[in-house]
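Structure record follows, encoded as structure tokens.
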Amino acid sequence: MMDSQDNAQVQGNPVEENGVVENPNETVEKPVVEEPAVVENAEADAPVEEALPVEETPAEEPSPVAEEPAPAAEEPAPAAEEPAPAEEPAPAEEPAPVAEEAPKKVYKTKKEVLERVTELAHGEETPAKDEVDLLKTIFYKLLVADREEALRAYIDGGGDPEKYQIVPDEDEEKFKAEMGLIKEKRSRVFQEMEKEKADNLKRKLEIIERIKTMVGSPESANRAYQEFKRLQTEWREIKAVPAERASELWKTYQYYVEQFYDQIRLNSEAREYDFRKNLEIKTKLCEAAEKLAEEPDVISAFHQLQELHQQYREAGPVAKEFREQMWSRFKAASTVINKRHQQHFENLRSREEENLAKKTELCEKVEAIAKEENKGAADWERHTQEIIAVQAEWKTIGFAPQKMNVKIFERFRAACDDFFGRKTQFFREMKGRFAENAEKKRALVEQAKALQDSTDWKATAEKLAQLQREWKTIGMVPRKLGDQLWAEFLGACNKFFEARNAATAGTRGEERQNLAKKRDVIARLKAIAEEPVDDLQEAVQALVDEYNSIGHVPFRDKDKLFREYREVLDKLYKELNVTITRRRLDNYRNNLHSVAEKGAGALDNERNRLLHRYDSLRQEIQTYENNLGFLSVSSKKGSSLIDEMNRKVQKLKDELELVRQKIKAIDAEAEAETENNAGDSGEE
């Protein structure tokens with residue numbers, strides 16, 4: 001008796017090891033069997049092993065369909081003529097199960113899969129191998145998804161991936177137990193069918209021996225005709241026999257049937273009646289086979305053709321003049337179905353190759369994203385969204401060829417795991433820095449709270465100012481916690497300064513006078529902005545000095561006044577900066593000639609110095625912009641700090657542009673020197 005893997009290979013099914021289907025494109029020629037449409041599928045399952053199922057299992061390529069020989073002679077031959085042994089039509093081979101023939105039900109949870117497996121294990125029906133394999137693949141795919149979700153939740157909750165342990169799944173143990181019962185059930189059915197095939201072989205051999213005895217007694221052939229017809233009926237009722245004996249058995253049987261027909265002396269009326277009835281049957285079978293060409297479901301048409309082949313072989317002989325005609329017609333109709341069936345799988349294989357190309361492109365895309373530099377949290381988040389989009393696109397692509405399907409998925413998974421592993425490490429380190437910064441800021445909050453009730457106005461104000469400057473030097477913390485700490489720190493500072501203002505209420509009149517003076521300075525700045533004077537820089541600086549020399553203004557007016565002051569000053573500085581930058585660049589260009597006279601090396605040294613300055617400015621700008629991304633506006637002072645940082649960034653960018661223009665001026669001067677030297681050489 002064949003074991004489960006041998007039997008699977010005879011039927012053209014893939015052998016499964018550790019949950020992975022091997023060699024799906026390898027086809028196996030099956031022997032010609034007596035029942036072409038019935039290929040028993042009760043072989044014992046391969047052992048149920050605990051293994052990670054592959055992400056996808058593409059459809060298997062069908063085995064080629066055997067070409068059928070011409071029909072055997074069915075009319076009695078003259079006694080002196082030795083007839084050639086007849087050959088039965090070879091069966092159209094039934095292909096291995098494909099993805100389109102999978103059960104129609106869609107399983108979304110492990111519970112649904114387990115319920116179906118339990119039903120198969122304890123029910124009356126014999127579990128089909130296709131459905132069992134599909135249930136196994138779906139269950140482990142859902143199990144892996146659950147474990148990955150648990151791991152992500154563990155990591156998102158702050159857990160250490162290296163210490164993570166997989167929790168045993170109760171459903172998996174139940175699943176394995178039920179699959180073991182299914183295996184035993186299929187094994188029992190297979191053994192019973194093998195025994196039945198052996199019994200059928202024995203019965204058919206007995207029928208052949210009885211017909212052989214009739215052939216050996218020509219004088220009793222006519223009298224034994226009814227017995228002969230009964231034996232033929234009994235032969236047709238007996239089903240499958242061992243595949244390795246089927247072809248030889250059929251040829252032997254057909255040979256002695258023909259010998260019997262050659263010897264009987266039935267009257268022509270009875271013989272012609274049988275021929276006409278058989279002709280009607282085979283004509284209808286031909287018509288049914290031809291109609292299958294209109295069947296839209298290629299797989300269903302192929303399976304129906306198997307049934308027609310079985311019926312054609314069981315039909316009796318026809319008159320000699322119709323034999324070749326009927327067989328040619330039936331064979332032509334079968335060829336159409338077989339070609340459609342083969343083309344179906346060729347198209348499927350072509351789509352799988354296209355899917356492989358698409359998935360390879362997505363692998364390269366994720367690998368490229370994973371190699372890009374991540375300078376901060378924003379870069380990590382941007383690249384994360386890009387990879388998630390690629391993963392979503394991956395799910396829309398169908399199967400790749402079986403031999404590459406697992407490999408391409410492992411490549412894709414490795415690239416994603418590499419990126420997200422490094423991302424986890426980055427944020428773990430950043431979380432540590434945040435914790436250190438939070439402790440430093442908590443210490444400053446405690447110091448500020450300790451000073452908030454002090455009445456030593458001057459000394460305490462200086463201490464709080466020092467704490468505020470120290471606060472600015474501490475790095476970032478998580479936004480929510482940072483807002484909370486800043487609110488506490490600012491509240492302590494404001495409490496002190498409000499108490500100081502209340503205690504020094506006598507100075508309010510002076511503050512109102514200072515308010516009027518500062519508004520006057522702002523008005524004069526606005527006038528200069530509308531109509532610039534010749535000595536713009538000196539005029540602006542004089543008013544700035546005057547503004548700074550004026551004392552405090554009422555607390556409720558200072559922010560609004562300061563914003564108004566900064567707006568007009570920014571406008572003037574922008575105009576001044578353009579003018580001054582142009583003047584600095586012109587002066588620099590005028591001095592380049594004297595630098596060039598020192599030799600080519602002097603210009604190179606100056607250019608290298610500027611390039612170093614350019615890189616330094618660019619890094620400083622990037623640092624400011626990264627810090628701006630972490631700042632939040634939780635108070636008016638916080639808003640002022642952001643405005644001040646924005647002004648610094650703009651000033652650095654202006655300086656960066658000036659350095660770039662200087663480098664271009666050096667390149668132009670060097671090119672001019674080269675042309676002059678070339679001209680001097682030509683004159684000589």
Side-chain angles (χ1 to χ4, degrees), residues 433-522 543-567 569-570 623-624 627-628 630-648:
R433 294 194 299 271
F434 280 0
E436 294 177 3
N437 295 337
E439 288 302 317
K440 293 179 181 178
K441 290 192 174 185
R442 286 193 183 96
L444 295 184
V445 170
E446 293 302 321
Q447 295 180 50
K449 287 182 176 180
L451 295 172
Q452 65 183 357
D453 296 323
S454 174
T455 57
D456 187 355
W457 309 123
K458 183 175 181 181
T460 304
E462 292 176 354
K463 290 179 182 179
L464 288 175
Q466 176 59 34
L467 293 179
Q468 290 174 350
R469 289 192 292 271
E470 186 176 348
W471 183 281
K472 296 178 182 178
T473 64
I474 301 174
M476 303 302 300
V477 297
R479 175 162 297 184
K480 185 176 181 180
L481 178 59
D483 291 345
Q484 176 186 341
L485 293 175
W486 173 248
E488 294 180 19
F489 181 74
L490 188 62
C493 294
N494 288 343
K495 182 177 180 181
F496 167 79
F497 287 112
E498 288 171 359
R500 187 191 68 173
N501 292 339
T504 58
T507 62
R508 297 292 174 82
E510 180 181 351
E511 290 179 351
R512 286 193 292 272
Q513 293 177 6
N514 293 340
L515 178 62
K517 292 177 182 179
K518 287 192 174 184
R519 283 177 174 166
D520 178 63
V521 172
I522 292 173
L543 290 174
V544 169
D545 293 340
E546 182 179 350
Y547 185 93
N548 292 333
S549 66
I550 301 173
H552 295 294
V553 299
F555 182 79
R556 65 178 179 273
D557 296 317
K558 65 176 184 177
D559 289 336
K560 180 179 179 182
L561 185 71
F562 183 75
R563 283 196 300 270
E564 188 177 356
Y565 170 69
R566 290 309 310 179
E567 286 176 2
L569 203 59
D570 287 345
T623 300
Y624 271 109
N627 291 337
L628 279 170
F630 290 104
L631 288 178
S632 64
V633 181
S634 58
S635 67
K636 296 180 179 178
K637 290 188 177 181
S639 177
S640 300
L641 176 61
I642 292 176
D643 293 340
E644 182 64 26
M645 290 185 69
N646 282 326
R647 282 191 290 272
K648 287 182 180 180

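All values derive from a computational prediction rather than experimental measurement.
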Less than 4.0 Å between a side-chain N and a carboxylate O, is that true for Glu470 and Lys440? no
Arg442 meets the side chain to side chain contact (heavy atoms under 4.5 Å, CB included) criterion, sequence neighbours left out, with Ala438, Glu439, Leu481, Leu485
Nearest 0.5 angstrom please: Met645 CE to Tyr624 OH, how far? 6.5 Å
I need the full list of salt bridge (Lys or Arg N to Asp or Glu O under 4.0 Å) pairs touching residues 451-464, with sequence neighbours left out, sorted by first then second residue. Asp453-Lys495
Side chain to side chain contact (heavy atoms under 4.5 Å, CB included) evaluation trace for Lys518 with Tyr565: CA-CA 9 Å; Lys518 287 192 174 184; Tyr565 170 69; over 6 Å; no
Output the distance between atom CG (Leu444) and atom CD (Gln468), rounded to the nearest 0.5 Å. 10.5 Å
Once the angle between the rings of Trp486 and Trp471 is folded into 0 to 90°, is it parallel (under 30°), tilted (30 to 60°) or perpendicular (over 60°)? tilted
Taking all non-hydrogen atoms of both residues into account, name the closest pair between Gly482 and Val477 and its distance. CA-CG2, 3.3 Å
Within the structure provided, determine whether Lys449 and Val445 are in side-chain contact (heavy-atom separation under 4.5 Å). yes
How many angstroms lie between CD in Gln513 and CD in Glu510, if you round to the nearest 0.5 Å? 7.0 Å
Please find the pair of heavy atoms, one from Phe434 and one from Pro478, that lie closest to each other, and give the distance. CD2-CD, 3.3 Å
Say whether, by atom type as modelled, one donor and one acceptor occur between the side chain of Asn514 and the main chain of Ile550 under 3.5 angstrom. no
I need the Glu488 CD to Lys441 NZ distance, nearest 0.5 Å. 12.5 Å
Here the gap from Arg519 atom CZ to Tyr547 atom OH, rounded to the nearest 0.5 Å, amounts to 10.0 Å
Verify, without hydrogens or angle tests, whether Asn548 (side chain) and Val544 (backbone) share a donor-acceptor contact under 3.5 angstrom. yes
Donor-acceptor pair, distance only, cut-off 3.5 Å: does the side chain of Asn437 make one with the backbone of Met476? yes
Can you name the closest pair of heavy atoms from Leu451 and Phe496 and give their distance? O-CD1, 3.9 Å
How many angstroms lie between atom CD of Gln447 and atom CG of Leu464, to the nearest 0.5 angstrom? 10.0 Å
